[in-house]
Amino acid sequence: MIGSFLTRGLLMVFGYAYPAYECFKTVELNKPEIQQLQFWCQYWIIVAALTIIERIGDALVSWLPMYSEAKLAFFIYLWFPKTKGTTYVYDSFFRPYIAKHENEIDRNLMKVRTRARDMAMIYLQKAINQGQTKFFEILQYITEHSTPKSKSEEKKETTPPKLVDPILKVKENEVTKMR
């Protein structure tokens, strides 16, 4: 095994950075060849699908010996000029599977979009309602503390409350009970 750190670095370079750069060069040509554009689009589609599958099943496969090295080798196989594995993998596996399940995938995506939009509307409504409530609470607080007080209210606030001696209160209660 090469080592996890080194393998991850190589995977970033040969699985993502180099193919991204080649894709960039192809796109930026004055007259890009459609086959090259198609090749790099297929590559990124496969890489995206593999990344999603790997995230879901990571616990099942990541413990395998030399898994990272095999993944690195597969990514290089996909873009290497002599193998051009992207075309083979895309045409043999990916395209037939997606074509077979395209209607189901589209239907499920539509459901997810609808649910996401509905949830967003629910949370937006809750946020608006809570915002309105807080806004009116703040307004009420401001109006209560900014209105001038009448003379009787001021006297009530400035007159200290009468202090009651607890011992005297107990004695008064005893005298009342004796009567």
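Nothing fancy with the numbering, it's 1 onward along the sequence. As the structure is a computational prediction, the values presented were derived from the model and not from experiment.
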Colleague: Measure the OH-SG distance between Tyr43 and Cys23 for me, rounded to the nearest 0.5 Å.
Modeller: 10.0 Å
Colleague: Salt bridge (Lys or Arg N to Asp or Glu O under 4.0 Å): which pairs involve residues 79-91, sequence neighbours left out?
Modeller: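 Qualifying pairs, neighbours excluded: Asp91-Arg95.
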Colleague: Answer yes or no: does atom CD of Gln132 have more than 12 heavy-atom neighbours from other residues, nucleotides or ligands under 6.0 Å?
Modeller: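 Yes, CD of Gln132 has more than 12 neighbouring heavy atoms, counting only those of other groups under 6.0 Å.
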Colleague: Where do Ser68 and Thr7 come nearest, in terms of heavy atoms and distance?
Modeller: CB-CG2, 3.2 Å
Colleague: Please tell me if the side chains of Phe74 and Leu50 come closer than 4.5 Å, counting only heavy atoms from C-beta onward.
Modeller: yes
Colleague: Measuring from Thr26:OG1 to Ile34:CD1, what's the distance to the nearest 0.5 Å?
Modeller: 11.5 Å
Colleague: Distance check, rounded to the nearest 0.5 Å: Ile128 atom CD1 versus Met121 atom CE?
Modeller: 7.5 Å
Colleague: Is it the case that one hydrophobic cluster holds both Ile122 and Val112, taking links as side-chain heavy atoms less than 4.5 Å apart, direct or via other members?
Modeller: no
Colleague: Quick one: list whatever passes ring-ring contact (aromatic ring centres under 6.0 Å, His included) with Tyr67, sequence neighbours left out.
Modeller: none
Colleague: Show me the pairs that pass ring pair (Phe, Tyr, Trp, His ring centres under 6.0 Å) and involve residues 7-32, at least two apart or across chains.
Modeller: Tyr16-Phe75, Tyr18-Trp79
Colleague: Rounded to the nearest 0.5 Å, how far does CG of Leu78 lie from CD of Gln42?
Modeller: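 Nearest 0.5 Å value for the CD-CG distance: 11.0 Å.
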Colleague: Shortest non-hydrogen contact from Leu37 to Val27?
Modeller: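 That would be CD2-CG2, 3.7 Å.
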Colleague: How long is the span from the CD1 atom in Ile98 to the CD1 atom in Ile105, to the nearest 0.5 Å?
Modeller: 4.0 Å
Colleague: Listed by chain and number, what are the ring-ring contact (aromatic ring centres under 6.0 Å, His included) partners of Phe39, not counting sequence neighbours?
Modeller: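 Phe39: no ring-ring contact (aromatic ring centres under 6.0 Å, His included) contacts found.
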Colleague: Would you say Met110 and Asp106 make side-chain contact, with heavy atoms under 4.5 Å?
Modeller: no
Colleague: Heavy atoms, side chains only, cut-off 4.5 Å: are Tyr141 and Ile138 in contact?
Modeller: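 No, too far: nothing below the 4.5 Å cut-off.
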Colleague: Salt bridge or not between Glu104 and Arg107? Use side-chain N to carboxylate O under 4.0 Å.
Modeller: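 Here Glu104 does not pair with Arg107 in a salt bridge, since their nearest N and O are not under 4.0 Å apart.
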Colleague: Are the side chains of Tyr88 and Thr83 in contact, using a 4.5 Å heavy-atom criterion?
Modeller: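 A side-chain contact is absent here, since even the closest heavy-atom pair is not under 4.5 Å.
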Colleague: Considering only residues two or more places apart or on different chains, which pairs with a residue in residues 41-54 satisfy salt bridge (Lys or Arg N to Asp or Glu O under 4.0 Å)?
Modeller: Glu54-Lys71
Colleague: What verdict does the side-chain contact (heavy atoms from CB on, under 4.5 Å) test give for Ile46 and Phe93, after you've listed the backbone C-alpha separation in whole Å, the side-chain angles of each residue and the deciding distance to 0.1 Å?
Modeller: CA-CA 10 Å; Ile46 292 169; Phe93 301 104; over 6 Å; no
Colleague: According to the salt bridge (Lys or Arg N to Asp or Glu O under 4.0 Å) rule, which pairs have a member within residues 109-137, sequence neighbours left out?
Modeller: Lys134-Glu137
Colleague: CG/Leu60 to CD1/Ile53 distance, rounded to the nearest 0.5 angstrom?
Modeller: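 Result: 12.5 Å between the selected atoms.
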